[in-house]
Amino acid sequence: MTHPAQQTIHDILDRQLTPSQKKAVFHREGPLLVIAGPGSGKTRVITCRIAALIDSGVHPHNICAITFTNKAAEEMRQRAIALGASGGAHISTFHSLCVRILRRYAQQAGINPNFSIYDSADQTRCIKDAVKNCELDATSFPPGRMLNAISTLKNKLITPDAFSRQADDYFSKTLAKVYARYQDILKEHNALDFDDLLMDAAFLLERSADIRNELSNRFKFLLIDEYQDTNHAQYRIARALASAHDNICATGDPDQSIYRWRGADIRNILAFERDWPAAVVVKLEENFRSTPNILEVADRLIAHNQKRKEKTLVPTRPPGQDAAVREFDDEADEAKGVARQIQQLVRKGIGFTDIAVFYRINAQSRALEEAFIRSKTPYQIVRGVEFYNRKEIRDILAYLKILVNPSDEISLLRIINNPPRGLGKTTIDKVRDYASRRGLTLYDALKNARQIDTIPDAAKIRLTAFLNMIENFKKDAVLDISAGENSKLKIENRKLSVAQLAERIFKESGLEKSLKEQGAEGKDALENIDELINAASLYDRQTEAPSLIDYLQQISLFSDVDVYDPACRRVALMTLHCAKGLEFDHVFIVGAEEGLLPHEQSADEDDEIEEERRLFFVGITRAKTTLHISHARYRTIRGQLLRTIPSQFLFELGLESSETDYVIPAQAGIQLSNISEDDERLVQNIKSKIENRKFRRGDIVLHKKFGLGTVKDFTDIGEDSSVVVAFNTGQVKSLLLKYANLKKL
DNA sequence: CATAGCCGCCTTTTT
DNA sequence: GGCGGCTATG
């Protein structure tokens, strides 16, 4: 029997795959480890493998592929279908898979299936409460540090109980208490954080042999991409899912492991053969992406990592241009330089889509953005979560979350008096107090508002009105997927789609009115809400069984790269972390300076430096044709102009330093432009910029917010210099120089 | 109870 | 130099 899929897959096999790629694609039963260097066609191997499995008679339903991002999952789905594989294979991230498992087996996992997923802002609120409840000082136990520590524990599947048993010093003991309280708070809110999704799923699978067997037998073939960046919880989940058959195929590259800080454990991939002794190992070392010039640079850099299995990148493309390292005065200059280079590429007929700029930290995007606007270079900043972090978006989403999960106190407190409806702190505190005395959730306490004696009648009426409004929204919502196929039916029964519901809430909650009253100020917000409603209606149309809870959980797992649109003709700007898995013809990496790349927070430990090096390696190996690396001599960090030191990685790439300047070894093949730059001129330039930061009485200055003004006083005490300005608006302000961004005219 | 204005915090990377 | 949170004031 020949069906089209078979034809296609054999075509690809014969014409396009290398022998080692074939070996991975057609490996049938048992564990398989694919160690794939950058640009080795790994993604294609995985999609071909999915197609080949289906082709050989495996039902798509029995295949589970796990990718690193939702974007990668979506792409893989489409590629597999393009190869002739019918849809139906489960392809998603670990987190999405865990959400599905936890919803399906909620009862056995001991959770309510309508759980909210808390992001870092929600987590911060909870941890602050937890620290407060433990009667601790927030300054000695800062929320960020606590959350980090808890996240690390969860990634290692250490429960509060287990941790409190092993805690021996004061900090650990305190942390154990906070961790336990934090978990209780989440439980009370019926919420899980990102790490809980993994931890709860892992424990569920390990505790219940039935569920483990059921899932392992459903997913007879398990494929895990980017295995080098899995954490311990994910490893345990993978092990459980493969337990019935050992048909686990892991792919990855230890040299591209860049998420150690998030709990990723490189030992997972290094120990794969120990965990699955029968594993067949396939190495893909040929690189089909980059020119030998680029690969040489990448190779030379990564060779400096000590803890590494030697691996070579075998180029297959003909030689091209050498990588260029450029030096600039400061970040504005650097951004301008990048924009100029891009214009040159474009003049040669290269499309904006084929160009990307990578940086270490998000804050670096600002200078680039300014330069791109000025040079009219179209760009897209790949930062997806930003949209969902906007105040107005979070507001609407909080209303939606309350509908599915009334226990979600964080969301409830966000909206109860937003827009203002006369429910201030005093009233809310009284309800909270009542709730905690009766052991009720805040939402249930609202239902009893009339019985709370301390609350004045007027406030009782407002509380009830709020509650009625929410209950009213709830009536029209398709909350649940448990209805499954019925949900389309429900929509016919005059239930509202997610988009319609969001729109109704926006109008009837008063949010729209309050934004409109703000006039121009609220204009952006109104547009954002429009965009949210559009995105929701896209969800409604593209999802088989749309439901509010599914929608909310999906967008909670939305990531930065998920917004990257290769089809829009713009230069892509993103962090090096986001760049993983992507490729571009022309790549710019900016800010190759000590403290930035490698980042100062990672400068202490060798392991951390090695990870920074891998991060740079990932960036370099995204480039197909040309690679441009740059650094600036001065950079403004937290409002201060600092002299920088070129990144040690530049020297490892083949740059050597003499006392005053850089010398390029002949064999290194790296061009250093701007080298003839007149140092005198540079110093003048920088000096005048610094000089610009000194003021005298009577100087006319321009401030972004307050406009023109006259300097009344200036105290020059270095970085904390302050300046007193009488603005033409009549206001007299004392401003800290390092933050004020005053322009001398 | 609402609002404006001030203080102090944080800034690495993200599912 | 932005933002949330707190406080003083209306």
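Protein chains get the first letters and strands the later ones, always in sequence-line order, with residue 1 at the start of each. When reading the values below, keep in mind they use all heavy atoms of this one structure, side chains included, and skip hydrogens, waters and symmetry mates.
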Out of [options], which has the shortest distance to the side chain of [X]?
X      : options                : result
A/W261 : B/dT14, B/dC10, B/dT15 : B/dT14
A/H95  : B/dT12, B/dT15, B/dT14 : B/dT15
A/R366 : B/dT12, B/dT13, C/dG1  : C/dG1
A/P420 : B/dT14, B/dT3, B/dT15  : B/dT3
A/C578 : B/dC10, B/dT15, B/dT14 : B/dT14
A/R360 : B/dT14, B/dT12, C/dG2  : B/dT12
A/H599 : B/dT14, B/dT12, C/dG2  : B/dT12

Using a 4.0 Å heavy-atom cut-off, does [X] contact any base of the nucleic acid, only the sugar-phosphate backbone, or nothing at all?
X      : value
A/Y259 : sugar-phosphate
A/T427 : sugar-phosphate
A/N362 : sugar-phosphate
A/N417 : sugar-phosphate

How about [X] and [Y]: does a side-chain donor come under 3.5 Å of a side-chain acceptor?
X      : Y      : answer
A/D196 : A/Q183 : yes
A/S647 : A/E593 : no
A/N231 : A/R262 : no

- Query: Hey, are A/D253 and A/R614 close enough for a salt bridge, meaning a charged N less than 4.0 Å from a carboxylate O?
  - Reply: no

- Query: Could A/D225 and A/K42 be called an ion pair, given the rule that one side-chain N must be under 4.0 Å from one carboxylate O?
  - Reply: yes

Please state how far atom [atom1] in [X] lies from atom [atom2] in [N], giving the value in whole angstrom units.
X      : N      : atom1 : atom2 : value
A/I258 : B/dT14 : CD1   : P     : 9 Å
A/F616 : B/dT13 : CZ    : P     : 18 Å
A/R260 : B/dT14 : CZ    : C1'   : 16 Å
A/I361 : B/dC10 : CD1   : P     : 17 Å
A/E331 : B/dT11 : CD    : C1'   : 15 Å
A/F387 : B/dT14 : CZ    : C1'   : 19 Å
A/E612 : B/dT13 : CD    : C1'   : 8 Å
A/K425 : C/dG5  : NZ    : P     : 12 Å

- Begin with the C-alpha distance, continue with both residues' side-chain angles, and end with the deciding distance and a verdict on ring-ring contact (aromatic ring centres under 6.0 Å, His included) for A/H304 and A/F649. CA-CA 9 Å; A/H304 284 82; A/F649 299 152; 8.9 Å; no

- Item | Upstream residue (5' side of DNA chain B) when A/R383 and A/R421 are each assigned their closest nucleotide |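 Nearer the 5' end of the strand: A/R421.
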
- Task: Using a cut-off of strictly less than 4.0 Å, decide whether A/S602 has a side-chain nitrogen or oxygen near OP1 or OP2 of B/dT13.
- Result: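 No, because none of the side-chain N or O atoms of A/S602 sits under 4.0 Å from OP1 or OP2 of B/dT13.
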
